[in-house]
Amino acid sequence: MSFNLPSGEAAAPRPLPRHVAVIMDGNGRWAQKRLLSRIFGHEKGAEAVRAIVRSCRELGIPFLTLYAFSTENWQRPQAEISALMGLLRRFVETERAELTQNNVRLHVIGCIERLPEDLQAALRGLMAETAAHSALQLNLALSYGGRDEIARAARAIALAVRAGRLDPESVGEETVAAHLDTRGMPDPDMLIRTGGDMRISNFLLWQLAYSEIFVTPTLWPDFGRESFLQIVHEFQLRERRFGRV
Ligand code: IPE
Ligand code: IPE
Ligand code: MG
């Protein structure tokens, strides 16, 4: 599959994104449409994760960040939260071999300390196991909120100033970026939201400053390789100006 523009159109094909961020929304609606429980939708959604990870590997996209559980999602019914935590435990088990064999590095952003301890341990184990992998970095945003992340960064900066390790006059955008969970990573070139809602829902508030946004009505469990390739193609047709002319 080629992502070059068809011949005859504007000359240079735009580069592939280096970092794709995804708000995986619509699991509940997918299930409800089928008169199934929301939890079944989350199970289907977990399967869709495998397809998008594979597609990123196929295209050679080096960073993928998936919004899997927000700070606000803690307000859902306890049964749904437990089911989601169970699916995450299962994800660590079932995807271990695939991530390892495909040179994928797992990383978690968000407040991992709020997750159940056994899940934290499983995630930390897989992060350590895959730490040297370099083809794709898969960031799972878990108990993640953009405001929480910025507040944690501000706290870390304040503590560094108080400890005399940081000159407050020197604090700039790079300082803030270097204290976020995404330190060292490029900002997302594109944001995909499935499920049709036109909002960011507290995802990567700092990092999305200049991301190209794509909202698709497709519900997350139905979002597969073809939908992903189509959106990446649309990305390559967009003109990014970054405030210039
Ligand atoms: C997204 O699907 C998955 C999580 C937030 C964990 P939803 O559960 O939000 O599905 P809808 O939006 O209700 O359809
Ligand atoms: C965003 O979806 C969070 C995740 C996909 C993990 P939500 O369903 O929680 O967001 P809202 O409530 O529609 O804003
Ligand atoms: Mg939702």
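Each ligand, and each atom within it, is numbered from 1 in the order the structure gives.
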Inset, instruction - Could you see which bit of A68 sits under 4.0 Å from ligand 1, with heavy atoms only: side chain, backbone, both or neither? - result: backbone

Inset, instruction - Could you tell me whether F69 approaches ligand 2 through its side chain, its backbone, both or neither, with non-hydrogen atoms closer than 4.0 Å? - result: backbone

Inset, instruction - Pick one of side chain, backbone, both or neither for how R29 approaches ligand 2, counting any non-hydrogen atom pair under 4.0 Å. - result: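 It is neither part, as no heavy atom is under 4.0 Å.
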
Legend entry - ligand 2 N/O within reach of Y67 N/O, cut-off under 3.5 Å: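 Such a contact does not occur with ligand 2.
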
Inset, instruction - Could you tell me whether some N/O pair between S201 and ligand 2 is separated by less than 3.5 angstrom? - result: yes

Legend entry - Heavy-atom closest pair, residues R183 and A178: CD-O, 3.2 Å

Inset, instruction - Can you confirm whether something in the protein, heavy atoms only, sits under 4.0 Å from atom 12 (O) of ligand 2? - result: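 Not a single protein heavy atom is under 4.0 Å away.
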
Between [X] and [Y], is there a shared hydrophobic cluster once you connect ILVMFWY residues whose side-chain heavy atoms come closer than 4.5 Å?
| X | Y | result |
| --- | --- | --- |
| W206 | L191 | yes |
| Y67 | M127 | no |
| L140 | I192 | yes |

Inset, instruction - Identify whether NZ of Lys or CZ of Arg in R76 sits under 6.0 Å from the centre of the six-membered ring of W74 and within 45° of that ring's axis. - result: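 Relative to the ring axis of W74, which defines the angle, R76 lies outside at least one limit.
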
Legend entry - Cationic tip of R238 above F214 ring, under 6.0 Å, 45° of axis: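 Yes, R238 sits over the ring of F214.
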
Inset, instruction - Please verify whether a non-hydrogen atom of G45 lies at under 4.0 Å from ligand 1. - result: no

Legend entry - Sub-4.0 Å heavy-atom contact, G195 with ligand 1: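 Heavy atoms of G195 never come under 4.0 Å of ligand 1.
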
Legend entry - Atom indices of ligand 2, in the order listed, that fall short of 4.0 Å to a heavy atom of R199: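 Matching atoms, with element in brackets: 11 (P), 13 (O), 14 (O).
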
Legend entry - ligand 2 atoms in contact with I23 (distance to a heavy atom under 4.0 Å):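 Counting from 1, the qualifying ligand atoms are 1 (C), 5 (C).
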
Inset, instruction - Report yes if some heavy atom in the side chain of L16 is under 4.5 Å from a heavy atom in the side chain of Q236; otherwise report no. - result: yes

Inset, instruction - Identify, by atom number and element, the atoms of ligand 1 in contact range of H42, meaning under 4.0 Å from any of its heavy atoms. - result: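 It comes down to these atoms of ligand 1: 3 (C), 8 (O).
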
Inset, instruction - Could you tell me which atoms of ligand 1, counted from 1 in the order shown, lie closer than 4.0 angstrom to a heavy atom of M24? - result: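 Atoms satisfying the 4.0 Å criterion: 1 (C), 2 (O), 3 (C).
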
Inset, instruction - Please determine if G28 has a nitrogen or oxygen closer than 3.5 Å to a nitrogen or oxygen of ligand 1. - result: yes

Inset, instruction - Kindly confirm or rule out an N or O of N27 lying under 3.5 angstrom from an N or O of ligand 1. - result: yes

Legend entry - Among I231, L64, L59, I61, the one residue meeting side chain to side chain contact (heavy atoms under 4.5 Å, CB included) with P17: I61

Inset, instruction - Give the single entry among E80, R76, Q32 that approaches atom 5 (C) of ligand 1 most closely by any heavy atom. - result: R76

Legend entry - Nearest neighbour in protein (non-hydrogen) for atom 2 (O) of ligand 2: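 Going by distance alone, atom 2 (O) of ligand 2 is nearest to D25 OD1, 3.7 Å.
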
Legend entry - Identity and distance of the protein heavy atom lying nearest atom 9 (O) of ligand 2: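 Here the nearest protein heavy atom works out to N73 ND2, 2.9 Å.
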
Legend entry - Residue D25, metal the Mg ion (ligand 3), N/O/S under 2.8 Å: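 Yes, D25 qualifies, because one of its backbone or side-chain N, O or S atoms lies under 2.8 Å.
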
Inset, instruction - Could you please spell out the steps behind the salt bridge (charged side-chain N to carboxylate O under 4.0 Å, His left out) verdict for R54 and E98? - result: CA-CA 9 Å; R54 284 185 183 161; E98 170 133 359; 2.8 Å; yes

Inset, instruction - Indicate the ring-plane relationship of Y210 and F242, choosing parallel, tilted or perpendicular according to the 30° and 60° boundaries. - result: tilted

Extract all donor-acceptor atom pairs below 3.5 Å that involve side chains of residues 163-171 and protein atoms in other chains or at least two apart in sequence.
residue	atom	partner	partner atom	Å
D167	OD1	E169	N	3.0
S170	OG	D167	O	2.7

